[in-house]
Protein chains: 2
Amino acid sequence: MANDHRPDTRRTLTLRDVSEASGVSEMTVSRVLRNRGDVSRSTRDRVMKAAKDLGYVPNKIAGGLASQRVNLVAVIIPSLSNMVFPEVLTGISQVLDDTGLQPVVGVTNYSPEREERVLYEMLSWRPSGVIVAGLEHSDAARAMLTNAGIPIVEIMDVDGPAIDSVVGISHHRAGQMMAQTILAAGYRRIGFLGTQMPHDHRARKRLEGFTAALAAAGLALEDREYYDGGSALLKGREMTQAILSRRPDLDFLYYSNDMIGAGGLLHCLDAGIDVPGRLGLAGFNGVELLDGLRVRLATMDACRLEVGRAAAEILTGKTADGRSSGVRIELTPRLDPGQTIRAPR
Amino acid sequence: MANDHRPDTRRTLTLRDVSEASGVSEMTVSRVLRNRGDVSRSTRDRVMKAAKDLGYVPNKIAGGLASQRVNLVAVIIPSLSNMVFPEVLTGISQVLDDTGLQPVVGVTNYSPEREERVLYEMLSWRPSGVIVAGLEHSDAARAMLTNAGIPIVEIMDVDGPAIDSVVGISHHRAGQMMAQTILAAGYRRIGFLGTQMPHDHRARKRLEGFTAALAAAGLALEDREYYDGGSALLKGREMTQAILSRRPDLDFLYYSNDMIGAGGLLHCLDAGIDVPGRLGLAGFNGVELLDGLRVRLATMDACRLEVGRAAAEILTGKTADGRSSGVRIELTPRLDPGQTIRAPR
DNA sequence: CCAAGGACCGTTAGCGGTAACATAGCGCAT
DNA sequence: ATGCGCTATGTTACCGCTAACGGTCCTTGG
C-alpha cells in the first residue's frame, strides 16, 4: 500500500483508447498525433479532441522502438556549477528548440570514469547525436563514440584530433595570446593561479600555451598557486593574498578562470593595490558576473553561446553544405583587456 | 552522402549478436547484462566478454517498452543560469546516483506554456517519477501530473496545495522572518529591489510575507525598483544607485535575490556608504558567491541541496515510512544576518 | 465511359527487449 | 529407484507504436 500509486483502476492510456474514442484505427490516430500522412480535416479534429479529452500522452518509448528513431541529443558536460556550461546549453537549446530534437544533459564532474558511464547510459537511449565537451576520452568511451553510428560533436576545444565533428576554440592559442598581450604591456614577473583539476584539459592547454609564449620571450612563471573546491570567489581572494605575501614582487597574476580572477581583483581593490599599474590581472571566460565589478577584469571570451549553437546546427544539418559529420569549426576568442592590464608600452 | 553516417555495413548491435557470439539464448544474455536471475559463473563471464568485445550497448528503448519500466526521473526547473537550481540538481543526483535512477532535466524559463510543453515531452518518456519546481501550474499541466500515475514531488515551495508530495520552505514565512529581523534592528524606511518576473511565484510570496510583516508593524515599503534580464550583479549595482538617488532617506534595502544584493553591496562599499549603520541590506538564497565579498551580505538559505536530496529520497522510497506519495516536508530556512544588518536594539 | 491517380484510411508485421512460464539436469533424502 | 527441489537455461508472448503496403472511394482527363 505504501508505494502503490494508482492501484490499477485507470491504466495508462494507449493509442487504442484514443482510437476507440474517436472511431478510427490506431494508425490514423498515430498519423494525426504525429502530423504525418494524409488525414481529412474532420477526422483530424475528431481525433485531436478525443486525445485531449482523454488526456492522452504518447509513449515515445514505443514510438522510438517502432520507428528506430529518437529525437534526443545527448549532451555531456563536466559541470553545471560554474556558469560556463549553462551558457553552452542555452546555445544548444536555442537551435534545437525548433527542430523537434531535445537535449538530454549528462554531467561528468571532470571524471573520465563518470564520462564513460554517462555516455554508456546515454547511448543506450539511442540518441540521434552526441555533443560532448572536450577531446580527451577513455579508450572505451572513444570506442563507443566511434561505433555509435550517429553524429558526434566534440566541443569547447580544437587542440587535438576529433572523432567526428568539432567546434571550439584553441585554448593553447588563447593562453598564448594572453601571454603576448601581457608581455607587450611590459609585465615580466608573472604568477599563475588555477584549479587543481588534472582532468580539466582546457585549463591545462591554456597554461601550456601561456608558458610557451613566456618561454619564447625568455621568461617563465615565477610562482603558482592552486586550489581545489569551495567558493571560487573566496578562493581567488585567499590565493591572491597568499601568492602576493609569498612573492610581493610579482607584477602580473594570470588566473585560470574568471571567478577566481574576480576574487583576486576584489582582494586587490580592498588592499589598495594599484591595478593595473603595479599589478596586472587577467582571467578567462568572459562571465557575465564581471560586469558588476567596479573594475573590469581582463578576460577572454570562450564563445560559449556560439559553440553551443554551432554544435546543434551541425547535428541538425544546418551547416553550409548540409553535412552533419566531419565538420570542423574553430572560433576565435576575443581578448577583452578590461581595466586590469595597462596599455602596451 | 552528406548526412549518411555509417552507410549500413555494420548495423547497430542487438542482444542476438551477443547471444550468437557467446552461444547462449538472448534471454540469458539479457539476464547477465541486467544482473538478474540465476546464471552460472562461467556463462556469465563468457557473455560479459562477448558483450564487451563486441562493444554492445543495451537498447533501453526496447527494454523499457518490454518491462514497462523506465529508470528516468523528470526534473523540471525554471532556469539553469542563476546558481540556485544546479545545487538542487546536485542534491538530486547525490541520492539518485546509487539507485539506478537517472534525472532528466527540463528547463521552463519561468514560462507556464513551456512548462506544459516540457512536461508533456517528459511524460511521453514514461519516467518513474517527476520532480517539478513550484506549486503553480497550468490546468493542463496539473491534469497531466495528476493522471500520470507516478509519484510527483513539487519542490522549493510549500505555500499552497500540493498535487502529491512536496518539499521546500515557506517563502511567505521567509519574507516575514526577514522583515521581523530588520524591524527588530530598528530599520524603518525600507525599499525593495527585485526582478520583473510575474511567474517567479516564490519571489512574489517572499515579498508578500515581507510586506505583511511590515504592515503588522504599521509600515509599508517606501519604494521599489525592478529589473529584467542582464547581469544580476550589475543590475543590482545600478538599481541600488537609482533607488538611493531617488530616496536617499531609505535605511534598508531588501533584495529578492543574492546576486542583485551582492551588486548593491558592492555599490555601497564603493560609494562609502556606512553599512549596516546608515543602510542595511539583505538578500535571499545563501549563494556561495557571497563568501568572496569583503562584507558578508545578510541572506536566507533556501536549503537547496537538502530540498533536492529529500525530493529524490521520496521518489526512491527512502522516507521514514517508505512512502513515495503524499509526503510533505517543510524545511526551515536559516537566516544569516551576515554583516549588513546591525544588531537588534 | 473508363483508366489513372490522388486522398484517405486500415492491416500486417515487426522494432529489441523482458515477464512469465516451461524445461532440463542434477543432488539427495526417502 | 523414485520423486522432490533447486539451479541454469530456453520458449513464448507480448509491450505500444510505426513503416510499408493495400484497399476503397472519388475525381478527372481523354
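Quantities reported herein were computed from a predicted structural model and do not represent experimental measurements. Quick note on labels: first sequence line is chain A, next is B, and so on, each numbered from 1.
- A/Glu313 has no carboxylate O lying under 4.0 Å from a charged side-chain N of A/Lys318, or vice versa, which leaves the two without a salt bridge.
- Dashed line: the shortest gap from a side-chain N or O of A/Gln68 to OP1 or OP2 of C/dG14 is not under 4.0 Å.
- Around CZ of A/Arg16, the count of heavy atoms belonging to other residues, nucleotides or ligands within 6.0 Å does not exceed 12.
- Boundaries of the chain B contact region on DNA chain D are D/dA8 to D/dG16, first to last in 5' to 3' order (nucleotide atom under 4.0 Å from a heavy atom).
- Of the residues listed (B/Val29, B/Val39, B/Val18), the one engaging B/Val24 in a side chain to side chain contact (heavy atoms under 4.5 Å, CB included) is B/Val29, and it is the only one.
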Requested in this report: List the steps and the verdict of side-chain hydrogen bond (donor to acceptor under 3.5 Å, both in side chains) for A/Thr90 and A/Ser93.
Outcome: CA-CA 5 Å; A/Thr90 303; A/Ser93 299; over 6 Å; no

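- In this structure, A/Leu65 atom CG and C/dG14 atom P are separated by 14 Å, rounded to whole Å.
- With respect to A/Lys49 and A/Asp45, no salt bridge is recorded, no charged nitrogen being found less than 4.0 Å from a carboxylate O.
- Residues of residues 42-60 of chain B that place a heavy atom closer than 4.0 Å to DNA chain C, in numerical order, are B/Tyr56, B/Asn59.
- The local environment of CG in B/Asp139 is sparse, with at most 12 non-hydrogen atoms from other residues, nucleotides or ligands closer than 6.0 Å.
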Report task. Given side-chain hydrogen bond (donor to acceptor under 3.5 Å, both in side chains), test A/Ser138 with A/Arg142 step by step and report yes or no. Result -> CA-CA 6 Å; A/Ser138 71; A/Arg142 186 174 298 278; over 6 Å; no

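- Taking a cutoff of 4.0 Å between a charged side-chain nitrogen and a carboxylate oxygen, B/Arg328 and B/Glu330 qualify as a salt bridge.
- B/Glu113 and B/Arg117 are not joined by a salt bridge, as no carboxylate oxygen comes within less than 4.0 angstrom of a charged side-chain nitrogen.
- Residues of residues 14-35 of chain B having a heavy atom closer than 4.0 Å to DNA chain D, listed by number: B/Val24, B/Ser25, B/Met27, B/Thr28, B/Arg31.
- Using a 4.0 Å cut-off between charged side-chain N and carboxylate O, B/Asp97 and A/Arg114 make a salt bridge.
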